[in-house]
Chemist: 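Handing you this structure, nothing more for now.
Computed over heavy atoms, backbone and side chain alike; hydrogens, waters and symmetry mates excluded. In this text the structure is predicted, and so the values were computed from the model without any measurement.
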Amino acid sequence: MFSLENNYHQEINENIDYELTLLEISNKNKIVFIGGHINLINALKSKYQHIIFSTGEKVVSHQVINHADYVFFFYNFLNHTLYYKVMNLLYNNRNVRWYYISARNLYLVEMDLYQKLTKK
């Protein structure tokens with residue numbers, strides 16, 4: 001599933017301020033990230049303070065997942081046990097939208113997030 005979702009061509013649009021739009025969206029919505037490389041997570045944390053991050057060491061509660069608007073999986077750096085636990089919660093809550101993120105570069109992650117969060 002995630003390979004199909006991430007096999008699209010991302011076009012870079014220089015006229016879009018991805019960071020500003022993501023700040024606005026993350027301030028209005030509950031967004032949770034699961035997994036990810038520590039350097040990328042730290043860069044995202046410093047820019048987007050309202051986003052919740054869960055790695056292998058820090059597991060989010062079922063209430064956080066159930067009340068999220070969006071859940072993003074960094075599947076390149078993801079603990080399988082954590083993935084299955086979160087997917088079980090998502091399966092039981094059809095209101096939470098979830099996506100896979102494959103990018104490892106901060107700018108590409110922001111661009112991917114923008115595209116996924118702004119699509120209708």
Side-chain angles (χ1 to χ4, degrees):
M1 174 88 130
F2 60 80
S3 62
L4 292 174
E5 181 179 313
N6 289 294
N7 277 339
Y8 62 91
H9 177 69
Q10 291 182 331
E11 291 186 25
I12 296 174
N13 186 335
E14 300 295 332
N15 297 323
I16 298 174
D17 186 344
Y18 295 111
E19 183 177 351
L20 180 61
T21 304
L22 291 173
L23 280 170
E24 291 171 1
I25 293 170
S26 68
N27 289 338
K28 294 176 184 174
N29 294 279
K30 189 177 226 182
I31 300 172
V32 179
F33 282 87
I34 307 297
H37 189 275
I38 190 69
N39 294 336
L40 179 58
I41 295 300
N42 286 337
L44 287 166
K45 278 183 183 180
S46 69
K47 290 176 103 173
Y48 308 103
Q49 287 83 27
H50 291 97
I51 293 177
I52 298 167
F53 296 89
S54 177
T55 60
E57 317 82 52
K58 181 184 172 201
V59 179
V60 295
S61 71
H62 69 279
Q63 286 186 325
V64 170
I65 298 297
N66 286 334
H67 291 99
D69 296 304
Y70 301 94
V71 174
F72 291 94
F73 292 95
F74 283 107
Y75 66 83
N76 289 323
F77 296 95
L78 181 60
N79 176 314
H80 287 92
T81 304
L82 177 60
Y83 171 77
Y84 290 118
K85 180 179 180 180
V86 173
M87 283 305 294
N88 187 42
L89 295 171
L90 291 172
Y91 179 75
N92 293 320
N93 185 345
R94 304 286 180 170
N95 297 322
V96 180
R97 288 172 270 175
W98 56 275
Y99 303 96
Y100 294 105
I101 300 290
S102 64
R104 298 175 188 176
N105 170 286
L106 180 60
Y107 181 76
L108 293 177
V109 168
E110 289 174 326
M111 188 174 59
D112 195 14
L113 289 174
Y114 172 87
Q115 290 176 346
K116 288 174 177 164
L117 290 170
T118 58
K119 73 180 179 181
K120 300 296 178 203

Chemist: Hey, does Ile25 have a side-chain heavy atom less than 4.5 Å from the side chain of Ile31?
Modeler: yes
Chemist: As an exercise, state the distance from CD1 of Ile34 to CG of Asn79, rounded to the nearest 0.5 Å.
Modeler: 10.5 Å
Chemist: Can you list everything that forms a side-chain hydrogen bond (donor to acceptor under 3.5 Å, both in side chains) with Tyr114? Sequence neighbours excluded, please.
Modeler: none
Chemist: Would you say Lys116's side chain and Tyr100's backbone share a donor-acceptor pair under 3.5 angstrom?
Modeler: yes
Chemist: Find the distance between OH (Tyr48) and CG (Leu113) and round it off to the nearest 0.5 Å.
Modeler: 7.5 Å
Chemist: Which label fits His37 and Phe77: parallel for a plane angle under 30°, tilted from 30 to 60°, or perpendicular past 60°?
Modeler: perpendicular
Chemist: How close do Arg104 and Val109 get, counting heavy atoms only, and between which atoms?
Modeler: N-CG2, 4.4 Å
Chemist: At what distance, to the nearest 0.5 angstrom, does NE2 of His67 lie from CG of Asn95?
Modeler: 10.5 Å
Chemist: Does Ala43 offer a backbone N or O that forms a donor-acceptor pair with the side chain of Ser46 under 3.5 Å?
Modeler: yes
Chemist: Please list, chain by chain and in numerical order, all residues satisfying side-chain hydrogen bond (donor to acceptor under 3.5 Å, both in side chains) with His50, sequence neighbours excluded.
Modeler: Asn27
Chemist: Is the shortest side-chain heavy-atom distance between Val71 and Phe73 below 4.5 Å?
Modeler: yes
Chemist: Roughly how far apart are Lys85 NZ and Asn88 CG, rounded to 0.5 Å?
Modeler: 10.0 Å
Chemist: Name the orientation class of the two ring planes belonging to Tyr70 and Phe72 (parallel below 30°, tilted from 30 to 60°, perpendicular beyond 60°).
Modeler: parallel
Chemist: Side-chain contact test, heavy atoms from C-beta onward, threshold under 4.5 Å: evaluate it for Ile51 versus Leu22 and give yes or no.
Modeler: no
Chemist: Centroid-to-centroid, Tyr75 to Tyr83, below 6.0 Å?
Modeler: no
Chemist: Which heavy atom in Leu82 sits nearest to a heavy atom in Ser54, and how many Å separate them?
Modeler: CD2-OG, 3.8 Å
Chemist: Applying the 4.5 Å side-chain criterion to the ILVMFWY set and letting contacts propagate, would Leu20 and Leu117 be lumped into a single cluster?
Modeler: no
Chemist: Say whether Tyr91 and Val86 are linked into one hydrophobic cluster, either directly or through other cluster members, by side-chain heavy-atom distances under 4.5 angstrom.
Modeler: no
Chemist: Taking Asn42 for the side chain and Ile38 for the main chain, is one N or O donor matched with an acceptor at less than 3.5 Å?
Modeler: yes
Chemist: Below 4.5 Å, heavy atoms only, C-beta onward: do Leu108 and Met111 meet side chain to side chain?
Modeler: yes
Chemist: Can you tell me which residue among Val64, Asp69, Val96 is in a side chain to side chain contact (heavy atoms under 4.5 Å, CB included) with Val32?
Modeler: Val64
Chemist: Distance check, rounded to the nearest 0.5 Å: Tyr99 atom OH versus Asp112 atom CG?
Modeler: 10.5 Å
Chemist: Using the test side-chain hydrogen bond (donor to acceptor under 3.5 Å, both in side chains), find all partners of Lys47 that sit at least two apart in sequence or belong to another chain.
Modeler: Glu19, Glu110
Chemist: Taking the side chain as everything from C-beta on, heavy atoms only, tell me whether Phe74 gets closer than 4.5 Å to Leu44.
Modeler: yes
Chemist: Can you measure from CG (Asn93) to CD1 (Ile65) and round to the nearest 0.5 angstrom?
Modeler: 9.5 Å
